[in-house]
Amino acid sequence: MKNKAIGILGGTFDPIHFGHLIAGEYARHEFDLDRIIFIPSARPPHKDNVNVLDSNHRYNMVKLATQENMFFEVSTLEMERQGYSYTVDTVKYFATRYEEAEIYFIMGVDALLFINTWKNLDELIAMCKFIIVTRPGYELNQNDQCFNNLPSNFWESIEFLEIPGMDISSTDIRDRVQQNKTIKYLLPRLVEEYIKKHNLYKGQNGND
């Protein structure tokens, strides 16, 4: 069966947690997507000079976190790419691979605030639509100066998706590990066990 709509959910996933998984599943259901592709980034350009956990560990954790959902898959595309990982290059790859499918790029509203810095935004808009994940009660100010000079058709390519408010972040999880606090129920059990087995985030800051 051919895919009619594909969701792409990228991130450092350092580590992946329930907020990421809920965003993927809600997007799949609300927009009738055939699959959600999680893409751990190797070297995000906006996080240069930041200590990010080894990509193989992050990939393994995403695989463990998504294995129970038949609509989720994980791609090593950005891990295998040389140099920086740009969204436009990633979307172009999947637009070519799934020529007849509509591509949706899923991201948090925090990333939206920096979208005017993204590479080749005009080209990206032509290839995909955006699903912006927000929390209950959030209101976006489209007149904010960070949205100045965006392409005229930008807002036409965006869909907003409200998910349950969960005060979970990768930063908080890493901090809790460093402080020997529990991280149970913040992320899948298998990911928690993987972090403990490999002694991850001890004395290492990482990134979201």
Residues 135-143 side chain polar contacts: donor-acceptor under 3.5 Å, at least two apart:
unit_1, atom_1, unit_2, atom_2, d
R135, NH2, M166, O, 3.0
N141, OD1, N143, N, 3.0

Just distance, no hydrogens or angles: give the donor-acceptor pairs under 3.5 Å from side chains in residues 150-160, sequence neighbours left out.
unit_1, atom_1, unit_2, atom_2, d
S157, OG, F154, O, 2.6

Report all side-chain donor-acceptor pairs from residues 110-118 shorter than 3.5 Å, counting only partners two or more places apart or in another chain.
unit_1, atom_1, unit_2, atom_2, d
N116, ND2, C146, O, 2.8
T117, OG1, F114, O, 2.6

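Contact detail for A65 and I16: the closest heavy-atom pair is CB-CG2, 3.7 Å. A pairwise comparison of heavy atoms in P40 and S75 identifies CD-O, 3.3 Å as the closest pair. Residue V109 comes nearest to I132 through the heavy atom pair CA-CG2, 3.7 Å, listed as atom of the first residue, atom of the second, then distance.
The aromatic ring centroids of Y104 and F130 lie 6.0 Å or more from each other. Residues H20 and F38 keep their aromatic ring centres 6.0 Å or farther apart.
Judged by the 6.0 Å and 45° rule, R28 forms a cation-pi pair with F71.
In terms of modelled atom types and a separation under 3.5 Å, the side chain of K202 and the main chain of V177 share a donor-acceptor contact. Remark: side-chain polar atoms of R58 are paired, donor with acceptor, to backbone N or O of S41 under 3.5 angstrom. No donor-acceptor pair closer than 3.5 Å links the side chain of D172 to the backbone N or O of I168. Within the 3.5 Å criterion, the main-chain N or O of A5 finds a donor-acceptor partner in the side chain of D34.
Within 6.0 Å of CG on N149 lie no more than 12 heavy atoms contributed by other residues, nucleotides or ligands. Within a 6.0 Å sphere centred on CD of E68, heavy atoms belonging to other residues, nucleotides or ligands number 12 at most. For H198, the NE2 atom sits in a packed shell: over 12 heavy atoms of surrounding residues, nucleotides or ligands are nearer than 6.0 Å. Other residues, nucleotides and ligands contribute at most 12 non-hydrogen atoms within 6.0 Å of the OH atom of Y26.
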Would you check, one step at a time, whether the test side-chain contact (heavy atoms from CB on, under 4.5 Å) holds for Y86 with N120?
CA-CA 9 Å; Y86 291 103; N120 298 350; over 6 Å; no

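A donor-acceptor contact closer than 3.5 angstrom links the side chains of E78 and T90.
Using a cut-off of 4.0 Å between Lys/Arg side-chain N and Asp/Glu carboxylate O, K4 and E102 are scored as not salt-bridged.
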